[in-house]
Amino acid sequence: MLILKNKLEINDFLRVIFGKEELTIDQSIINRVEESYNFLEDFSKNKVIYGVNTGFGPMAQYKIEEEDRIALQFNLIRSHSSGTGKPIEPAYVKALMLARMNTLSLGKSGINVTVINALKELINNDITPLIFEHGGVGASGDLVQLAHLALVLIGEGEVFYKGERRETKEVFEELNIKPIEVKIREGLALINGTSAMTGIGIVNVINAQKLLDWSICCSAAINEIVEAYDDHLSKELNHSKLHIGQQQVAKKMRDHLADSQLTRDRNEHLYSGTQEDSYFKEKVQEYYSLRCVPQILGPVHDTIHHVGRILIEELNSANDNPIIDVETKHVYHGGNFHGDYVSLEMDKLKLVVTKLSMLAERQLNYLLNAKINDILPPFVNLGKLGFNFGMQGVQFTAVSTTAENQTLSNPMYIHSIPNNNDNQDIVSMGTNAANITKTVIENTFEVLAIELMTIVQALEYLKFGDKLSKKTQKLVNDVSELVPPFTEDYITYPYVQKVKDYLKNNDAY
């Protein structure tokens, strides 16, 4: 059980979203939220406070009468539930809810405690609101995406429950869940923040780390396939460059290959002083996609860690407006809802994940091109050359998907378009950035799945047996249960999906 008490970390999201741990709320948070609400209720009685007794955005010049204040919050939620496009997948919505719950628990928003309790009920009962990808510009927060969350919290809209899309009201009645109480500013506090882009971003970081680990695993296995020299992975070479990521990637590859009998020591083959040939049939150095893996994946490693740190800072921050400060007995108006931090980090993340997919595609091409590798049949064809096709068909998919990643990697951070009667005259597009990064990550799982299938087919052909490292052998055993040797031509798309699911649902070795 995860107790919401202090700062959340990425591991907490792993526990709740993927480990399905139940969430509970520490009494200190309940006290803090109630204190914030009570202060705001008293403080706002004779003052003009944005979103409490004024309109919203460019309409803030209009004062709202006392009797209309609660209706104003409902109007805001309903009018901004305007998303379109594909529904966001449940894991990302659950992360979004946990992120919003966390920031509201800081006691800086003036909401009442029913909001925190209702979010807990949704998370623990695996109820995910229907929230669409399109709509947020990431400036006054993720207004549209979070409005769809708020819509469910007031008992309206739709949810996904046990795999079905249903009316919120029906599910609430079935589980005896009560809608939140709307009092002072629950509507604005719920939709005014960066929790959608942050929640999606945290799942992106988790999945990007998984992709990196699998890419390291695949790269190590290819070094065994080609019986590469091992000095490009040496500690001495990689520590002569001071980047932590490069050093860590090289170490992971050395650990993977520690018991391999296939990688070669340059001292035995080229430094022995016995070479008298004027032409070396075997390459003295491997192609960059094999030799430069630490230098290519090192920046990916470092970027994932940096992005994760920034997202955790955002997650544990008050990203609302205005900010309620009980300690100073004051309400501060500003722009903590602006999503530039997350938008920029999502652009960085999708860039490095795209580069990872490009590396996988080049490694795949190396394995499929017999003229380059000079050890495998064309397209790693285990059948009859000319009659069967091997991995030829799936290469098209990998190339196409990698090309899509390259186009999607144009930055959202600088694509601001003014809107909201120019009140929001420069925006972050952070939700778009997070959603596009999510697509790039999904695409990359597909490219890696095709690469991994090809690695296993290649090892089937080479029959190295117990010369392989134990980690590569385990990889071969696991994937061989999902994909047969392609001695004949099979319909391949179900196998690609199976291996993609395997990569997403398991940790690399």
Side-chain angles (χ1 to χ4, degrees), residues 214-230 232-233 253 257 260 262-264 279-297 354-406 443-464 468 472 475-476 479-480 483-490 492-493 495-496 499-500 503:
W214 279 119
S215 182
I216 292 170
C217 186
C218 288
S219 298
I222 293 174
N223 270 261
E224 292 188 270
I225 287 173
V226 303
E227 299 182 67
Y229 293 109
D230 61 7
H232 63 275
L233 300 177
M253 291 185 71
L257 297 169
S260 174
L262 294 166
T263 55
R264 293 183 290 172
Y279 173 78
F280 306 109
K281 184 175 185 297
E282 294 183 351
K283 289 180 70 66
V284 174
Q285 298 186 110
E286 305 299 340
Y287 283 92
Y288 284 12
S289 60
L290 278 67
R291 179 171 25 124
C292 300
V293 172
Q295 292 82 0
I296 294 167
L297 294 184
T354 291
K355 191 60 177 280
L356 188 152
S357 72
M358 292 165 60
L359 175 65
E361 186 277 325
R362 287 292 81 198
Q363 290 175 339
L364 172 67
N365 183 73
Y366 179 89
L367 294 176
L368 297 179
N369 191 331
K371 293 178 181 177
I372 294 177
N373 64 60
D374 202 29
I375 54 174
L376 297 166
F379 303 110
V380 195
N381 188 345
L382 305 185
K384 182 178 178 182
L385 295 181
F387 178 69
N388 297 114
F389 291 89
M391 305 300 290
Q392 182 175 333
V394 288
Q395 184 182 20
F396 297 127
T397 302
V399 171
S400 169
T401 306
T402 303
E404 181 176 280
N405 277 359
Q406 291 171 318
N443 286 351
T444 304
F445 273 114
E446 292 168 9
V447 178
L448 271 186
I450 291 166
E451 180 187 19
L452 182 52
M453 287 169 60
T454 305
I455 288 170
V456 172
Q457 298 296 316
L459 290 171
E460 172 68 23
Y461 173 80
L462 294 169
K463 299 191 182 305
F464 284 138
L468 286 169
T472 298
L475 185 67
V476 171
V479 176
S480 295
V483 181
F486 286 174
T487 53
E488 301 176 25
D489 290 317
Y490 301 106
T492 50
Y493 73 86
Y495 296 118
V496 175
V499 179
K500 178 185 176 183
L503 292 173

Sub-3.5 Å donor-acceptor pair from the side chain of [X] to the main-chain atoms of [Y], do we have one?
{"X": "Asp230", "Y": "Thr263", "result": "no"}
{"X": "Ser480", "Y": "Val476", "result": "yes"}
{"X": "Ser400", "Y": "Thr397", "result": "no"}

Please name the pair of heavy atoms, one in [X] and one in [Y], separated by the smallest distance, quoted to 0.1 Å.
{"X": "Asn365", "Y": "Ile372", "answer": "ND2-CD1, 4.1 Å"}
{"X": "Tyr366", "Y": "Asn373", "answer": "O-ND2, 2.8 Å"}
{"X": "Ala398", "Y": "Leu364", "answer": "CB-CD2, 3.6 Å"}
{"X": "Glu224", "Y": "Ser260", "answer": "OE2-OG, 2.8 Å"}
{"X": "Val496", "Y": "Ala449", "answer": "O-CB, 3.8 Å"}
{"X": "Val447", "Y": "Ser357", "answer": "CG1-O, 3.9 Å"}

[X] vs [Y] side-chain heavy atoms within contact, under 4.5 Å:
{"X": "Leu297", "Y": "Leu359", "value": "yes"}
{"X": "Leu448", "Y": "Leu452", "value": "no"}
{"X": "Asn223", "Y": "His232", "value": "yes"}

Checklist line | Set of residues satisfying salt bridge (charged side-chain N to carboxylate O under 4.0 Å, His left out) with respect to Lys500, sequence neighbours excluded | finding: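 With neighbours one apart ignored, the set is Glu442, Glu446.
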
Item checked: Contacts of Glu227 that satisfy salt bridge (charged side-chain N to carboxylate O under 4.0 Å, His left out) - sequence neighbours left out -> none

So how far is it from [X] [atom1] to [Y] [atom2], rounded to the nearest 0.5 Å?
{"X": "Ser219", "Y": "Gln363", "atom1": "OG", "atom2": "CD", "result": "4.0 Å"}
{"X": "Leu503", "Y": "Cys218", "atom1": "CG", "atom2": "SG", "result": "7.0 Å"}
{"X": "Leu468", "Y": "Leu475", "atom1": "CG", "atom2": "CG", "result": "10.0 Å"}
{"X": "Glu451", "Y": "Thr444", "atom1": "CD", "atom2": "OG1", "result": "11.5 Å"}

Item checked: salt bridge (charged side-chain N to carboxylate O under 4.0 Å, His left out) partners of residues 357-370, not counting sequence neighbours, each pair once -> none

Notebook entry, point to check: Excluding sequence neighbours, so at least two apart, what forms side-chain hydrogen bond (donor to acceptor under 3.5 Å, both in side chains) with Ser289?
Noted result: none

Can you give the donor-acceptor pairs under 3.5 Å from side chains of residues 453-464 to other protein atoms, not counting sequence neighbours?
| from | atom 1 | to | atom 2 | distance (Å) |
| --- | --- | --- | --- | --- |
| Thr454 | OG1 | Ile450 | O | 2.8 |
| Gln457 | OE1 | Phe486 | N | 2.8 |
| Gln457 | NE2 | Pro484 | O | 3.0 |
| Glu460 | OE2 | Lys463 | NZ | 3.3 |
| Lys463 | NZ | Glu460 | O | 3.3 |

Under 3.5 Å, which donor-acceptor pairs link side chains of residues 376-387 to any protein atom two or more places apart or in another chain?
| from | atom 1 | to | atom 2 | distance (Å) |
| --- | --- | --- | --- | --- |
| Asn381 | OD1 | Gly383 | N | 2.8 |
| Asn381 | ND2 | Asn388 | O | 2.8 |

Notebook entry, point to check: In this structure, are over 12 heavy atoms from other groups packed under 6.0 Å from Tyr493 atom OH?
Noted result: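 No, not enclosed.
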
